[in-house]
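Only one structure is covered here, and it is reproduced in the block below.
Order of the sequence lines fixes the chain letters, A, B, ..., with proteins taken first and strands second; residue numbering starts at 1 for each chain.
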Amino acid sequence: MEMEPLYRPQGVEERWQRAWEDEGHYRADPSSSKPSYVIAVPPPNVTGRLHMGHALNGTIQDALIRWHRMRGFNALWQPGYDHAGISTQAIVEKELRREGTSRLEIGRDAFLERVWAWLHQYGGEIMSQFRRLGCSLDYERERFTMDDGYVRAVMRFFVHLYERGWIYRDNRIVNWCPDCRTSISDLEVEHIDVDDALTYARYPFADGGGHVTIATVRPATILADVAVAVHPADERYAGIVGREVVVPVVGRRVPVIADERVDPAFGTGALKITPGHDPTDFEIGRDHGLPELTVIDLEGRMTGEIPELLVGLTEEEASDYVVEWLRETKQLEKRESYRHAVGHCAKSGTRIQPLVSLQWWCSMDELARPAIEAIESERVRFHPAVHGRVALDWLRGIRPWNISRQLWWGHQLPIWYCRDGHVVCAETEPAACAECGSTDLERDPDVLDTWFSSALWPFATLGWPDETPELRAFYPGHVDSTARDIIFLWVNRMIMAGIELLGEIPFRDVIVHSIILAPDGRRMSKSLGTGIDPVEVIDEHGADATRYGLLKMSSTQDVRFSVGAIEEGRKLANKLWNVSRLLLANAGDAVADARPRELEERWILARIDATRAEVEADFASYDFAHAVDRLYHLTFDDFCDWFAEAAKPRLYDGDADARATALAALERLLALLHPVMPHVTEEIWGFLPARESRLIVAAWPEADARFAADADALVRVQEAAERFRRSGVATPLDGDEKRIFDAVVRPERAGGPAGANGNVEAEQERLRREISRAEAMLANERFVERAPAEVVEAEREKLERFRRELDALGGG
RNA sequence: GGGCGGAUAGCUCAACAGGGAGAGCGCCUGUCUCACACACAGGAGGCCGCUGGUUCGAGUCCAGCUCUGCCCACCA
């Protein structure tokens, strides 16, 4: 195949993606004797499409996997999907609504069939998009959290926790999403500022004579009031504790109680207590033995012991009624506008309805303790470390986890109830009730929180609870790479589950990558219309360019998407392509063999080796932005601008040593770039003479001490070139240095004297400024006295050098 | 309300352990030089958010302030 002057990634990339996969290079072998290196991909939602966060995270993981594969590791990058309970169910429910039916109408079994049918048709797109990015996941090992084996793992986990006594059922207040029709965990609640009205209502004393005023933002919940509370030290209300007040509208007589959780400074200092619909009130109610009344049902409609005409109204309609009632009875003191944070469902955006409901809970204290220890002792390390401290804060203040969801799509709880109300927890359906022997068993209809199963990802994908070869070979893994928004939801829970079930942490390093924002600084989001489709970026610029650009953007916390970074990658690919054309077109029958004879050859091999060491350090500390920056400058500045230019004459002359050495240098350069830009490097690799193996499985370049001393060998020539370009004045050089200077710098003059014309004065002026700066420093006695000796000495040397250079320009 | 970050060239971002402010893109000038015009060479462009402090010396350390982003949170 011909190498054209313009590198076109389209076609080339797909070809290599197929070849690598078909040839089995992505496969990890559990029976291999090599050391393993394992990353489990954060399982994307099975319904999802690749977004920029996936693309960045995929690139990070693939760079690490490819790097380790080249270094001789048995590298496993585990692929798969999450069933994403709420999202998936919502998509299919929406489809049913369009057809004029509903899940309740068609029933549970038919509904689940519909979900599976939908998934078979539309689900599981992302792995193909990861392929298009060049990601070397072991695709044959794809797992789904709803696979039979995986379900078994989830059941085992539940029963394990149940038998430990950590899973229990309780009537407690939960975050209810009226839209999703399920409870959700605290982590899935977003607090958003909303404008509300604060209603001040007078509650008359039951025995006549006066009233107490409370403030509320939800007048409809007055109907479920069971007490009024004041702070025990609040002198204004000292006399009323123990008396009774009459709840508006419903006329219920309720006590005034004292509780320290009441803030005397807020509102009137008197708080209506509604345990059925407020988390704080729920706690206070429990402690005071108060009833828990519910007046809003699971659909958000008014219900319970309330006036008949209110039943079925929305909360808003009921609130209007209550306020009007208060106004008419002169019990409305005032209403004022009030802005405060209100919980919303992270999935649907609907305002959360706190209500008391019978749910399954998991006590987290015992699970959290060893996870805290693992992070504190840095057996699990977060990068950047600040996320580890945040993770610790969360674990230390951990609260019970509401794990049951009122959905159909997901892992149904392994809980059965018999006629007599006994509860049986078993991995598979029991034949009879363990306590009474009844065979009339009914399974709990609820399913588990999606994240309950995600917690098992690092080992359930390897066959746990069975003792599989995969589990032995690939657990514990090494790296988890993720965005910071799922550290609590997912990362912490994997650590807890891994330690609890296998006795070992699931990974050593957690990489928390940056979030890529839209170019205008807003979040990339479909609803805002600010999203940029990574697949389109790949189609336009190539996967290599996209990978390079994403890594370049990965350094800081949040970064705005910059197409310039992608284009930089595209240019790097093209540059690499063209310098390879130069070397290959002038290779004759040479094969790659490092036989450095000339200065520039020793120098480039040293520069490559030095960069190798730096890139290794960058990768090891997960600093990908600096790694790609170094590779860019190694390619453009060192390899192309200096080495290739200096070597050209001898390549053209047919110098066999020069040709073999140049090819050897190119090989090393391609290897260093492969983890970042796998396609173009593999493509060029294929053109190298006598090359049969693939770069993807080639050895990462070894450290080579032979060249260590030569990394700075061109400093004098480069300084001379700099001076010449600035001022047009040539520094006397001889031997190799003169030859290289002539080869690299002289051809530039062919295009005209633009740069070097008339700049002597400007350069003299620059040097004079530097000289006076250095002189001023050295004239400062306190600087000379107090600064470290080597700093002072370095300043003296700089001064002398500037003076020499000025002399050379005739400016002294 | 609590916590964590960010503010450096027109744009996106670097600057390791305080010691001559950098890169890429964009812009201006020149060159289609037999690897590459997705290139090469040169150039312009910076009160390093503000105010104080520490220091011989501060983009870098400390304090306060302004703006901005994120996380956590049961003040109705």
Side-chain angles (χ1 to χ4, degrees), chain A residues 3 5-7 173 186-187 191 198 214-218 221 229 261-263 265-268 270-274 278-284 338 340-341 343 354 384 386-387 389-390 393-394 397 484-485 487-488 515 517 519 521 523 541 545 552-553 555-565 567-568 570-586 625-626 629 632-633 636 640-641 644-645 648 652 725-726 745 747-757 759 762 769-770 773-774 777 780-788 790-792 794-795 798 802:
Chain A
M3 290 183 83
L6 182 64
Y7 173 66
I173 198 145
D186 295 341
L187 285 173
H191 295 266
L198 195 56
I214 59 87
T216 180
V217 291
R218 302 176 63 197
T221 65
R261 280 161 283 197
V262 179
D263 177 3
F266 186 89
T268 63
L271 172 65
K272 76 187 202 61
I273 299 299
T274 321
D278 183 276
T280 308
D281 295 5
F282 180 83
E283 298 297 331
I284 294 175
Y338 179 57
H340 65 145
V386 63
H387 293 108
R389 294 193 286 275
V390 178
D393 286 344
W394 183 80
R484 64 176 174 271
D485 54 351
I487 291 175
F488 305 154
I515 289 174
L517 303 168
R523 222 184 163 84
H541 302 281
K552 191 75 189 278
M553 287 179 238
S555 61
T556 54
Q557 291 238 336
D558 288 354
V559 65
R560 297 176 183 212
F561 182 81
S562 152
V563 76
E567 284 166 354
E568 195 176 311
R570 201 185 57 199
K571 290 180 178 188
L572 177 56
N574 195 57
K575 190 69 172 175
L576 207 54
W577 179 253
N578 276 294
V579 77
S580 302
R581 289 177 65 222
L582 169 72
L583 301 191
L584 289 166
N586 295 284
H626 280 102
D629 192 60
Y632 181 94
H633 288 290
F636 270 79
C640 295
D641 292 350
E645 293 299 337
K648 249 182 202 175
Y652 291 155
R725 286 164 180 163
R726 279 193 152 124
V745 180
E748 289 165 9
R749 308 281 283 137
N757 192 15
N759 285 343
R769 272 201 308 275
E770 295 288 4
R773 186 195 56 78
M777 275 179 87
N780 182 342
E781 282 176 24
R782 294 202 289 183
F783 168 68
V784 178
E785 267 174 37
R786 302 192 190 186
E790 62 269 23
V791 172
V792 177
E795 208 55 45
K798 272 190 265 178
F802 293 140

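Side-chain atoms of A:D629 do not come within 3.5 Å of backbone N or O of A:A625 as any donor-acceptor pair. A:N574 places no side-chain N or O within 3.5 Å of a backbone atom of A:R570 that could act as its donor or acceptor partner. The backbone N or O of A:Y652 sits nowhere less than 3.5 Å from a side-chain atom of A:N586 that would complete a donor-acceptor pair. Judged by distance alone, with hydrogens and angles left aside, the side-chain atoms of A:R581 form a donor-acceptor pair with the main-chain N or O of A:M3 at under 3.5 Å. Of the possible donor and acceptor atoms, none in the side chain of A:D278 sits under 3.5 Å from a partner among the backbone N and O of A:I273.
For the C1' atom pair drawn from B:C71 and B:C11, the interatomic distance equals 28 Å after rounding to whole Å. Separation of the P atoms belonging to B:A37 and B:G19 is 41 Å when rounded to the nearest angstrom. For the C1' atoms, the distance from B:A9 to B:G2 is 37 Å, rounded to whole Å. Separation of the P atoms belonging to B:G46 and B:G22 is 14 Å when rounded to the nearest angstrom. If you take atom C1' in B:G18 and the same atom in B:C25, they sit 31 Å apart, rounded to whole Å. B:U8 sits 9 Å from B:C13 when the P atoms are compared, rounded to a whole Å. Taking atom C1' in both B:C40 and B:U33, the straight-line distance is 9 Å, to the nearest Å. A gap of 24 Å separates the C1' atoms of B:A76 and B:G3, to the nearest Å.
Here A:K575 does not pair with A:E568 in a salt bridge; the nearest charged N to carboxylate O distance is not below 4.0 Å. By the 4.0 Å N-to-carboxylate-O rule, A:E645 lies close enough to A:K648 to be salt-bridged with it.
Nucleotide B:C67: paired with B:G6 (Watson-Crick or G-U wobble, both distances less than 3.5 Å). Across all strands shown, B:G45 has no partner, as no Watson-Crick or G-U wobble contact with both distances under 3.5 Å is found. Across all strands shown, B:A39 pairs with B:U31; the Watson-Crick or G-U wobble distances both stay below 3.5 Å. Across the strands present, B:C11 finds its partner in B:G24; the criterion is a Watson-Crick or G-U wobble pair with both atom distances under 3.5 angstrom. The pairing partner recorded for B:G1 is B:C72, the criterion being a Watson-Crick or G-U wobble arrangement whose two distances lie under 3.5 angstrom. Base pairing of B:A58: no nucleotide in any strand meets the Watson-Crick or G-U wobble criterion (both distances under 3.5 Å).
For the pair A:F561 and A:W577, both in contact range of RNA chain B, the more 5′-proximal nearest nucleotide belongs to A:F561. The nearest heavy atom of RNA chain B to A:Y632 and to A:H626 marks one nucleotide each, and the one closer to the 5' end goes with A:H626.
Looking at heavy-atom distances under 4.0 Å, A:S562 makes contact with sugar-phosphate atoms alone, never a base. At the heavy-atom level, A:E770 lies under 4.0 Å from base atoms of the strands shown. Within the nucleic acid shown, A:P354 has no heavy atom closer than 4.0 Å to any nucleic acid atom. Within 4.0 Å (heavy atoms only), A:A565 reaches no atom of the nucleic acid at all. A:D641 comes within 4.0 angstrom of sugar-phosphate atoms only, judged by non-hydrogen atoms across all strands, and of no base.
Here the P atom of nucleotide B:A76 and the CZ atom of A:R261 are 16 Å apart, to the nearest Å. B:C71 atom C1' lies 7 Å from atom CZ of A:F488, rounded to whole Å. Atom CG in A:N574 sits roughly 16 Å away from atom C1' in B:G24 (whole-Å rounding). Rounded to an integer number of Å, the gap from CZ of A:R484 to P of B:C70 is 9 Å. The nearest whole Å value for the distance from the CG atom in A:L517 to the P atom in B:C70 is 8 Å. If you measure from atom OH of A:Y7 to atom C1' of B:C38, you get 13 Å, rounded to the nearest angstrom. Between A:R560 atom CZ and B:G5 atom P there is a gap of 20 Å when expressed in whole angstrom units. B:C36 atom P lies 11 Å from atom CD of A:E645, rounded to whole Å.
Taking side-chain N and O atoms only, A:K571 has no distance below 4.0 Å to OP1 or OP2 of B:A37. One finds no side-chain N or O of A:K552 lying less than 4.0 angstrom from the OP1 or OP2 phosphate oxygen of B:C25. Between A:Y652 and B:A35 there is a side-chain polar atom (N or O) within less than 4.0 angstrom of OP1 or OP2.
Looking at the side chain of A:D629, the nearest of the listed nucleotides B:A23, B:C36, B:C74 is B:A23. Proximity note for A:V791 (side chain, C-beta onward) versus B:G19, B:A73, B:C36: the nearest is B:G19. If you check B:U12, B:A35, B:C74 against the side chain of A:H191, the one that comes closest is B:C74. In this structure, the nucleotide among B:C75, B:C72, B:C70 sitting nearest to the side chain of A:F266 is B:C75. Of the candidate nucleotides B:A35, B:G19, B:A76, B:G19 has the atom nearest to the side chain of A:M777. For A:H633, the listed nucleotide lying nearest its side chain is B:A23; candidates were B:A39, B:A23, B:A35. Minimum atom distance to the side chain of A:Y338 is reached by B:A76, of the listed B:A76, B:G19, B:A23. When the nucleotides B:C72, B:A76, B:C40 are ranked by their closest atom to the side chain of A:V217, B:A76 comes out on top. Comparing B:G19, B:G24, B:A73 by their nearest atom to the side chain of A:A341 picks out B:A73. Side-chain proximity of A:K648 to the nucleotides B:U12, B:A35, B:C70 is greatest for B:A35.
Within 6.0 Å of atom CZ in A:R261, more than 12 heavy atoms from other residues, nucleotides or ligands are found, so the atom counts as buried in its surroundings.
A side-chain donor-acceptor contact under 3.5 Å links A:T221 and A:K272.
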